[in-house]
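What follows is a single structure, written as structure tokens, with notes after it.
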Amino acid sequence: VAGDAALHRGLVSPKQLIRTLAICRGWPGIRRARRALQALDGRAESPLESISRLAIADLGLPAPELQAMVLTEDGWQVGRLDFYWDEFGVAGEADGRTKYSERAILTAEKDRQEQLEDLVLAITRWGWSAPHTPSLLNGKIRAAFERGRRRDEAGIARRWQIQRTPPLTLPTQ
């Protein structure tokens, strides 16, 4: 979580982290540090997104794209998604409750949700309990995959486009 946040906020660059790993070669725990750094992704915008991404990987679910921008068929931006699985046409949103403490923010998010649903995107949302309850997170995501699969099998056209956000990760070594 801290590493994702540091990358996201530009407090450290992938090159700096790679240099630090090289300097610390041979130190106790360096292998573990290298594995931890390989798991970082600065596109995560919150601790819940970081924890969710790791939980999704632990569940053996397909890796989602992070922070993909959803566009209408005409190219109008609808919103950025925390998680997106193109194979299933599914958006995942990891939302903490404090984000919606103001009515205007809650109303704007409700409007955004309706716009995404109008595009026939399958959406699932979860809060803090889901990544800490693997069966809950697994069930939510797999149910959304099934909704996406049924939509595609029914021949209902996907009415959106995706603009991908480039990774902010360390290169694999």
Side-chain angles (χ1 to χ4, degrees), residues 1-12 39-59 61-152 154 156-169:
V1 170
D4 281 358
L7 282 172
H8 181 74
R9 294 181 181 143
L11 300 176
V12 66
L40 298 182
D41 194 318
R43 293 174 294 178
E45 295 181 337
S46 73
L48 180 55
E49 289 179 28
S50 296
I51 292 167
S52 295
R53 187 184 76 250
L54 297 173
I56 288 165
D58 286 347
L59 288 167
L61 293 167
E65 295 183 46
L66 306 181
Q67 306 306 327
M69 178 62 73
V70 177
L71 310 169
T72 65
E73 293 171 301
D74 299 332
W76 292 98
Q77 290 185 352
V78 176
R80 199 172 57 247
L81 305 171
D82 296 339
F83 303 95
Y84 176 70
W85 290 270
D86 190 58
E87 175 183 353
F88 305 100
V90 167
E93 295 288 304
D95 297 318
R97 295 286 183 226
T98 57
K99 177 180 178 179
Y100 303 115
S101 59
E102 295 179 31
R103 184 167 180 81
I105 294 170
L106 180 60
T107 301
E109 185 60 24
K110 185 178 180 321
D111 291 343
R112 177 179 170 271
Q113 175 93 14
E114 288 174 1
Q115 290 175 324
L116 293 171
E117 289 172 352
D118 286 346
L119 300 176
V120 297
L121 189 64
I123 304 165
T124 186
R125 293 181 168 277
W126 60 86
W128 278 98
S129 62
H132 300 291
T133 312
S135 61
L136 175 61
L137 184 61
N138 189 49
K140 284 180 157 296
I141 294 172
R142 289 191 185 280
F145 288 173
E146 181 61 21
R147 289 193 306 275
R149 186 190 63 73
R150 285 194 315 255
R151 176 207 51 235
D152 292 344
I156 299 170
R158 294 181 178 197
R159 299 177 52 206
W160 70 89
Q161 303 176 56
I162 292 295
Q163 188 176 52
R164 288 162 172 81
T165 300
L168 184 51
T169 59

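Predicted, not measured: the structure shown is a model, and the values here were computed from it.
Note that the CG atom of Leu59 and the CG atom of Asn138 stand 5.0 Å from one another [nearest 0.5 Å]. Atom CG of Leu71 is separated from atom CD of Gln163 by 5.5 Å, given to the nearest 0.5 angstrom. Once rounded to the nearest 0.5 Å, the distance linking CZ of Arg112 with CZ of Arg80 reads 8.5 Å. The CG atom of Leu121 sits 12.0 Å away from atom CD of Gln115, with the distance rounded to the nearest 0.5 Å. Taking NZ of Lys140 as the start and OG of Ser135 as the end, the distance is 11.5 Å to the nearest 0.5 Å. Taken from CG in Leu168 to CG in Asp41, the straight-line distance is 6.5 Å, to the nearest 0.5 Å.
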TODO: Any chance you could lay out the side-chain hydrogen bond (donor to acceptor under 3.5 Å, both in side chains) test for Gln113 and Glu117, step after step, and finish with the verdict?
DONE: CA-CA 6 Å; Gln113 175 93 14; Glu117 289 172 352; 3.0 Å; yes
TODO: Assess whether side chain to side chain contact (heavy atoms under 4.5 Å, CB included) is satisfied between Leu81 and Glu93, documenting all intermediate values.
DONE: CA-CA 7 Å; Leu81 305 171; Glu93 295 288 304; 3.7 Å; yes
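Remark: the backbone N or O of Trp160 is not paired with any side-chain donor or acceptor of Glu73 at under 3.5 angstrom. A donor-acceptor pair is defined here as one N or O able to donate and one able to accept, closer than 3.5 Å; such a pair exists between the side chain of Arg159 and the backbone of Asp118. Of the possible polar contacts, none joining the Arg53 side chain to the Phe83 backbone as a donor-acceptor pair under 3.5 Å is found.
Residues Val120 and Arg151 come closest through the heavy atom pair O-NH1, 3.0 Å. For the pair Ala44 and Asp4, the tightest heavy-atom approach, listed with the atom from each and the gap, is CB-OD2, 3.7 Å. Minimum interatomic distance between Gly148 and Ala122 (heavy atoms only, all atoms of both residues): N-CB, 4.0 Å. Closest heavy-atom contact between Ile162 and Val70: CD1-CG2, 3.9 Å. In plain terms, the two heavy atoms of Pro62 and Ile56 that are nearest each other are O-CG2, 3.9 Å. Considering all non-hydrogen atoms of both residues, Val1 and Ser50 come closest at CG2-CB, 3.9 Å.
Considering only heavy atoms from C-beta on, Arg147 comes within 4.5 Å of Thr124 through its side chain. Inter-residue side-chain proximity for Leu66 and Asp82 is flagged as unmet; no heavy-atom pair is nearer than 4.5 Å. Residues Trp126 and Leu136 fail the side-chain proximity criterion, which asks for heavy atoms closer than 4.5 Å. Between Trp76 and Val78 the shortest side-chain heavy-atom distance does not fall below 4.5 Å.
Relative ring orientation between Phe145 and Phe88 is described as parallel, the plane-to-plane angle staying below 30° on a 0-90° scale split at 30° and 60°.
Between Arg158 and Asp152, at least one side-chain N (NZ, or NE/NH1/NH2) sits under 4.0 Å from a carboxylate O, which counts as a salt bridge. Under 4.0 Å is where a charged nitrogen must lie from a carboxylate oxygen, and between Glu146 and Arg142 no such pair does.
Partners of Thr165 under the side-chain contact (heavy atoms from CB on, under 4.5 Å) rule, at least two apart in sequence or in another chain, are Arg43, Gln67.
In this structure, Gln77 places its CD atom where only 12 or fewer heavy-atom neighbours from other residues, nucleotides or ligands lie under 6.0 Å away.
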